[in-house]
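We name chains A, B, ... by the order of the sequence lines, and we start the count at 1 in each one.
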Amino acid sequence: MVITRFAPSPTGYLHIGGLRTALYSYLWAKKNDGKFLLRIEDTDLKRNSKEAADAIEEAFKWVGLKQDGDIYYQSDRMDIYKSYIQKLLDEDKAYYCYMSKDELDELRATQMKNKQRPRYDRRYRNFTGSVPDVKPVVRIKTPVNEIIKFDDGIKGMISVNTDEVMDDFIIARSDGSPTYNFVVAIDDHEMGVTEVIRGDDHLSNTPKQIIVYRALGFDLPKFYHVPMILNPNGKKLSKRDGAMDVMEYKKEGYLPEALLNFLVRLGWSHKDQEIFSFKEMLELFNPKDINKSASAYNAEKLLWLNSNFIKNSSYERLIKELKFFDLNLENIEKKEILIDALRERAKTLKEFAEKSRLILNEPQDYDQKAVKKFLKAEAIEIAKEFLNYLTVYKEDLNNSNDYEVCISKFLEEKNLKLKNIAQIIRISIVGSAVSPSIYDIMAIVGQNELIKRIKKLIKFMEV
RNA sequence: GGCCCCUUCGUCUAGUGGUUAGGACACUGGCCUCUCACGCCGGUAACACGAGUUCGAAUCUCGUAGGGGUCACCA
């Protein structure tokens, strides 16, 4: 069985890079009828791990991801780590090191001064006694001058020499708490993780973890190190680059499926396909198709994807999502016309809501440029004539087509062209020269409201 | 600095020895048109560089350059 995991450290929110690796892990597990686990890595900064977990769960819920089983907290698992540390100690695969932090710093400083790579000199590796009044750390005995090789599912064969990349690294601090590279290996094994999909910033940690696996006789999982996401300038993504928190995308009016589609395609592809439903991702995703190189975040493409998903969303879905933006369309009589008109025009739900309000609410003022350009001297007469025409109009005025008929009859009677009146009507309804089709917006506001707004515009023009 | 990784249009990518190097976003010309969008048709634009191997290289090898990651009693 394929078991994957997402193992964030508790930072308070789920960022988009994390969501991408979580998504990859989730897809791969689910595609193989396996399990996707969630583990909070709080061995050291245990302070707000609960909050962080809540934030992750909230984001997961929004995008439709869910871990199998309970969330694991490393802070709850200290006994497990301690027993393994003891085991290594008993088997002479690890040892107590009494070197103090100060001594270590000093050693490092002189090594750096001599242009040497800073590393622990293994002075306690074979020491069997004890030093009074010193709380020792526990270090693992890493093999001397050995090549560690592993086949990364994305990067290919990686091999490093133990002497060049590590020393006898610390697996337990002087207060007894275990360190990251140790617990990761223990947890992944204990949790039965078979495929580790994570950011490639962990690539250089992998040999250390392999040392732990080997010392304990564990089987190695398959590793996939996915390249990171860069900002639009090709630099490391940072808070300054805008939305990092997944939930910000909700606030900005993105549909979760658009975000997921965007993220899954960042570094991964399936031929020329751009749009993926969740089901298709599940069918087509394979971590072996992930690119080796980092990819830059492209906000325009996300927007394009979002508008695409909005365009293809049902009335019900849109009505539901729009409530988050304080727009309740449920009792709007012509909501279908409104949605159809705006679906193709709004790139985000936020924009959708704003544009809706522009139509639904009577304009408080009129766009100056539009007024200057389209409301010429004769506009007031045309508006008045149309107002009269509308007031005594006998036919039904229900849908967009009815208004189109009405307008064309009016134009014919007065010997006018559409462009003579279109912008006047538009400005009267939304207050600017930009909106969906006038027939649609007339139908949406309805005859009475239309009359009211035209009157208001006439009044405005008269002063 | 040591070690490791990476390099196809501006961006996301397809491509696995023989292609006019394909698609998408963005940009742009046009059509549609009551404005703005949508949509449709078209255009600009890339194999980092240099050596090899080969009849033939974006694809294989080696260098160079550039970018990134990592070197903690952080994760």
Measure the spacing between CD of Gln423(A) and CG of Leu418(A) and express it to the nearest 0.5 Å. 10.0 Å

Distance check, [atom1] atoms only: [N] and [M], in whole angstrom units.
N: C9(B); M: C5(B); atom1: P; value: 22 Å
N: A58(B); M: C40(B); atom1: P; value: 34 Å
N: U28(B); M: C36(B); atom1: P; value: 15 Å
N: G67(B); M: A48(B); atom1: C1'; value: 11 Å
N: C38(B); M: A21(B); atom1: P; value: 31 Å
N: U16(B); M: U53(B); atom1: P; value: 25 Å
N: A24(B); M: A14(B); atom1: P; value: 15 Å
N: A57(B); M: C49(B); atom1: P; value: 15 Å

How would you label the contact of [X] with the nucleic acid (heavy atoms, under 4.0 Å): base, sugar-phosphate, or nothing?
X: Ile438(A); answer: base
X: Met99(A); answer: base
X: Ala296(A); answer: sugar-phosphate
X: Tyr439(A); answer: base
X: Arg343(A); answer: nothing
X: Ile158(A); answer: sugar-phosphate
X: Met112(A); answer: nothing
X: Pro436(A); answer: base
X: Ser269(A); answer: sugar-phosphate
X: Lys417(A); answer: nothing
X: Glu274(A); answer: base
X: Lys155(A); answer: sugar-phosphate
X: Gly267(A); answer: sugar-phosphate
X: Val160(A); answer: sugar-phosphate

Value in whole Å for how far the [atom2] atom of [N] lies from [atom1] of [X]:
X: Leu203(A); N: G69(B); atom1: CG; atom2: P; answer: 13 Å
X: Arg117(A); N: C3(B); atom1: CZ; atom2: P; answer: 10 Å
X: Phe223(A); N: G69(B); atom1: CZ; atom2: P; answer: 21 Å
X: Leu302(A); N: A26(B); atom1: CG; atom2: P; answer: 12 Å
X: Lys369(A); N: C36(B); atom1: NZ; atom2: P; answer: 14 Å
X: Leu266(A); N: A24(B); atom1: CG; atom2: C1'; answer: 13 Å
X: Asn231(A); N: C12(B); atom1: CG; atom2: C1'; answer: 15 Å
X: Arg119(A); N: C73(B); atom1: CZ; atom2: C1'; answer: 18 Å

Does the Lys NZ or Arg CZ of Lys350(A) fall within the cation-pi geometry relative to Phe325(A) - under 6.0 Å from the ring centre and within 45° of the axis? no

Ring of Tyr120(A), cation from Arg139(A) - is the NZ or CZ under 6.0 Å from the centre and inside 45° of the axis? yes

Within the structure, does a side-chain N or O atom of [X] lie under 4.0 Å from either OP1 or OP2 of [N]?
X: Lys271(A); N: A14(B); result: no
X: Thr43(A); N: A75(B); result: yes
X: Asn291(A); N: A14(B); result: yes

Syn/anti state of C55(B) by chi, 90° boundary around 0: anti

Does the separation of the ring centres of [X] and [Y] fall below 6.0 angstrom?
X: Phe410(A); Y: Phe386(A); result: yes
X: His189(A); Y: Tyr84(A); result: no
X: Tyr124(A); Y: Tyr96(A); result: no

State, without any angle test, whether Arg426(A) and Ser435(A) hold a side-chain donor-acceptor pair at a distance under 3.5 Å. yes

Give a yes-or-no answer on whether the side chains of Thr142(A) and Arg214(A) include a donor-acceptor pair shorter than 3.5 Å. no

Can you tell me which nucleotide in C36(B), U7(B), U13(B) comes closest to the side chain of Arg265(A)? U13(B)

Out of C34(B), A14(B), A37(B), whichever nucleotide has its closest atom nearest the side chain of Ser437(A): C34(B)

Applying the Watson-Crick and G-U wobble criteria at under 3.5 Å, what pairs with U16(B)? Answer none if nothing qualifies. none

